[in-house]
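Residues: numbered from 1 along the sequence shown.
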Amino acid sequence: MSRIVIWQIFTRLFGSSQPCAGIQDGTINQNGCGKLNSYTNDVLKYFKSQGATHLWFTGLLAHASKTDYTEYGIPASHGSTVKGQAGSPYAVRDYYDTDPDLAVSVPDRAKELKALIRRVHSNGLGFIMDFVPNHVAREYHSVNLPNGKSDLGGNDDTDVTFSPMNNFYYLPGEQLGGAHDWHDYIEYPAKATGNDRFTSQPNEYDWYETVKLNYGIDYSNGARVFDPRPDTWNKMTDILLFWAGKGIDGFRCDMAEMVPVDFWHYAIAKVKEKYPDIIFIAEIYNPGSYQSYTEWGGFDYLYDKVGLYDTLRAITVGQDTTASITRCWQQYGRSADKMLHFLENHDEQRIASDFFAGDAAKGRPGMIVSACMDSCPVMIYAGQEIGETGMDNEGFSGTDGRNTIFDYWSPDKLERLYNHGEMDGSQLSEDEKSLQKFYSTLLSICKNEKAITQGKFFDLMYANPTSEFFDSNRRYAYIHSYRDELLLIVVNFNDKPALDRIIIPQHAFDYLELSKMDNCTFLNLLSGEQFRWSLYPDSPVRLGIPANSGIILKIRRN
């Protein structure tokens, strides 16, 4: 499989046909909403040209919302069970339905999604969607349930707290209450809340709009009742097979480690038996579970959040040194090629936000490392390539350095990028265009250079612990080698350009099977600049490294 570059798109935040009015907590009619039909061939070609191999469309499944679609036979959600006006896409109200917000013609929403999948594939891209296995909307009910299938919770025994044949966990004799104001919404008996809150009194910081799904774990005593197979296993596997049958290419599985790995072992095997090329990506945050979720669970890739993301973020904001990058990759073990690297997604604060770096350009050195350290997949969040800040106060989510997942909105930078579907860059500033070019160039390098995708990696930091020119704690250097191809990569997390001398030790020459190279050409793949130098063991190479960026030098014999 070739190098995977995933472009995450929060579907409703991009491609609206109307300008966003910028009304805090505004309705869909006030602030607009991106549509499936907005992702035309021209739009998809843009993502392909930027370097994407797969598009992850976030928020496709029908979820709880304050927008009323009852005229189309879609049940209305009680306002107290929805966060924001648009609602969280992770409070799914019907696993078998496409979210009506995304449709130009609500009755034809399934057809519009089918057409989008077809367009994505015709443009040579893969299609990834969310699978939300751990929790559902409080008022979950499928209006599109396939014949012969029963709804989640439809056959539950609500008089017991736990049964492996129940889909939800109950609190018999207790009505839903707590700090959140439920107004006239009644839930009796109360169900356990999605973030493992087994109480009838969830608070405002809980995932109170969701209920926890039951995969056969009795949380009162830790018992795992997997035989006979829990009913939820069968229903959720059916849902995976339903969407795999639509021709999608992968699932990004939300909070995968909140669901027992035994379920994944069963379900992923069932899906891959019929669709062997489909990929599964786990949102997971516990490194101690990595191996079990890949080798036993069957996941192809895992979020690299607590490893490389946290490391690069800390370095970028001056809370750590580049020595931590070495420690980070040394801890991967057998999971190294299973990680999914990223610097942004919908859960994390934007690089350009005041809560992170405050300047999108400061993300360049970290992005070079993220994209070019390993051959595993890398992910970009739409707008990252033009410096989206996430600093709007959209409504429920407030100003937090993230683009809202709860509100109807269209960030200014994304509106100007879309430009009524033209995607021509005419509305972008010169700085935005420069950053955009950096990302497209970098992603082309990380996908096409065999030294990265197939070669050996060597960390040069132990041979270059100090620099006489600048703070070596803000510099990271490494090599990739494949046959006669050699890449020397050096990044600079400082705000000023620097001169440096990098030594490639004899041990690296031996490990990479290199011989000394006289008067060879050094081509910087990021800038196109080149110079000539001789490459000998333990002999320094003099380099100029731009501020908040780096160099990727392809070394050629003459």
Side-chain angles (χ1 to χ4, degrees), residues 12-13 21-31 33 59 61-70 74-94 99-101 132 134-143 151-153 156 158-159 161 166-214 219 254-255 258 346-347 392-409:
R12 69 166 173 249
L13 294 185
I23 298 174
Q24 188 179 20
D25 203 36
T27 66
I28 191 171
N29 292 327
Q30 292 170 322
N31 288 343
C33 181
L61 295 174
H63 54 270
S65 167
K66 290 179 183 174
T67 302
D68 187 357
Y69 290 104
T70 53
I74 299 170
S77 299
H78 193 287
S80 297
T81 68
V82 182
K83 290 180 177 178
Q85 286 288 331
S88 168
Y90 298 103
V92 176
R93 63 158 182 79
D94 188 346
D99 195 77
D101 281 347
V132 187
N134 176 66
H135 48 270
V136 296
R138 290 218 94 95
E139 298 178 280
Y140 184 90
H141 173 62
S142 177
V143 297
D151 211 1
L152 284 167
D156 280 7
T158 61
D159 292 329
T161 300
N166 277 357
N167 300 134
F168 302 123
Y169 296 93
Y170 296 91
L171 297 144
E174 298 182 43
Q175 181 172 311
L176 182 67
H180 180 64
D181 187 354
W182 296 103
H183 298 283
D184 58 347
Y185 175 73
I186 304 296
E187 183 177 291
Y188 183 89
K191 303 181 186 76
T193 299
N195 57 324
D196 290 0
R197 288 276 285 156
F198 295 88
T199 172
S200 60
Q201 308 289 310
N203 63 49
E204 289 293 309
Y205 300 100
D206 288 321
W207 305 347
Y208 61 79
E209 81 278 31
T210 69
V211 293
K212 172 83 173 176
L213 282 170
N214 171 8
Y219 285 89
D254 183 71
M255 298 305 295
M258 295 184 77
H346 70 280
D347 284 317
D392 295 331
N393 186 355
E394 305 101 332
F396 182 85
S397 52
T399 306
D400 60 0
R402 303 174 180 87
N403 292 127
T404 180
I405 69 168
F406 304 105
D407 307 290
Y408 295 111
W409 201 261

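- The two residues Ser77 and Val82 come nearest to each other via the heavy atoms CB-CG2, 3.8 Å.
- Residues passing the ring pair (Phe, Tyr, Trp, His ring centres under 6.0 Å) test with His135 are Trp207, sequence neighbours excluded.
- With sequence neighbours excluded, no residue satisfies ring pair (Phe, Tyr, Trp, His ring centres under 6.0 Å) with Tyr188.
- When all heavy atoms are compared, the tightest approach of Pro100 to Arg93 is CD-NH2, 3.7 Å.
- A parallel orientation is assigned to the rings of His346 and Tyr90, their planes being inclined by less than 30° (bins at 30° and 60°).
- Ring geometry, Tyr185 versus Trp182: the interplanar angle falls from 30° to 60°, so the pair is classed tilted.
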The test is side-chain contact (heavy atoms from CB on, under 4.5 Å); show your working for Leu13 and Thr404 and say whether it passes.
CA-CA 9 Å; Leu13 294 185; Thr404 180; 4.3 Å; yes
Check against side-chain contact (heavy atoms from CB on, under 4.5 Å), Asp151 and Tyr140:
CA-CA 9 Å; Asp151 211 1; Tyr140 184 90; 3.2 Å; yes
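- Across all their heavy atoms, Val143 and Asp94 have their closest contact at N-OD2, 2.7 Å.
- Shown here are the side-chain hydrogen bond (donor to acceptor under 3.5 Å, both in side chains) partners of Asp156, two or more places apart in sequence or in another chain: Tyr170.
- Of all heavy-atom pairs spanning Pro172 and Pro189, the tightest one is CA-CB, 3.9 Å.
- Counting only heavy atoms from C-beta outward, the side chains of Val132 and His63 never approach each other to under 4.5 Å.
- Looking at Asn29 and Tyr408, their side chains never bring a donor and an acceptor atom within 3.5 Å of each other.
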Derivation of the side-chain contact (heavy atoms from CB on, under 4.5 Å) call for Asn134 and Lys212
CA-CA 6 Å; Asn134 176 66; Lys212 172 83 173 176; 2.5 Å; yes
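- Between Asp206 and Lys83, the shortest heavy-atom contact is O-NZ, 3.1 Å.
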Yes or no on side-chain contact (heavy atoms from CB on, under 4.5 Å) for Glu394 and Phe406, after CA distance, side-chain angles and deciding distance?
CA-CA 9 Å; Glu394 305 101 332; Phe406 304 105; over 6 Å; no
